[in-house]
Number of protein chains: 2
Amino acid sequence: MTSTTITVSGMSCGHCVSSVKEEVGALPGVQDVQVDLESGRVTVDSSTPLSDEQLKTAIDEAGYEIVG
Amino acid sequence: MTSTTITVSGMSCGHCVSSVKEEVGALPGVQDVQVDLESGRVTVDSSTPLSDEQLKTAIDEAGYEIVG
């Protein structure tokens, strides 16, 4: 199990959180996605490590941006 | 055709706008719903007048509040 944490900007409400959860949750091997709206912190548990590119694509598709 | 304008608080993004449009759009006789996210202004065109109660219920169901 790998846990990856990124910070996402632009999420403003629970709907935004849902969009991010949906896109990141669809990546291969992802078992859990936790999002803290206030801080933008997104923590992803997955069975194998996720690449920066995979995460960037998922966050892009949700309509947001990784800032860290 | 009746046009009713209300002001809704709490909408923070495009997803919020979609939720409001969906709930208000489901009221009887509604033909068009226009939402300005910045001002919270919601303008509803309907074939018959909508009651305050109908609008309040729809906005409540979307998860927001009418402020004027």
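So that the names make sense, note that chain A is the first sequence line, chain B the second, and so on, each numbered from 1.
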_Heavy-atom contacts under 4.5 Å, residues 2-9 of chain A to chain B_ =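 Within residues 2-9 of chain A, near chain B: nothing under 4.5 Å.
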*Just checking heavy atoms, which of residues 11-27 of chain A are less than 4.5 Å from chain B?*
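Checking residues 11-27 of chain A against chain B gives A/Ser12, A/Cys13, A/His15, A/Cys16, A/Ser19.
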*Mind checking the CD-CD1 spacing from B/Gln54 to B/Ile59? Nearest 0.5 Å is all I need.*
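Going from CD on B/Gln54 over to CD1 on B/Ile59, the span is 12.0 Å.
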_B/Thr48 to B/Ser46 - nearest heavy-atom pair and separation_ =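 Heavy-atom minimum between the residues: O-OG, 2.7 Å.
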*Are B/Val44 and B/Leu37 grouped together when hydrophobic residues (ILVMFWY) are joined by side-chain heavy atoms under 4.5 angstrom apart?*
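Yes, because B/Val44 and B/Leu37 connect within a single hydrophobic cluster, where side-chain heavy atoms sit under 4.5 Å apart.
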*Do other residues, nucleotides or ligands put more than 12 heavy atoms under 6.0 Å from B/Glu65 CD?*
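Counting other residues, nucleotides and ligands, CD of B/Glu65 stays at 12 neighbours or fewer.
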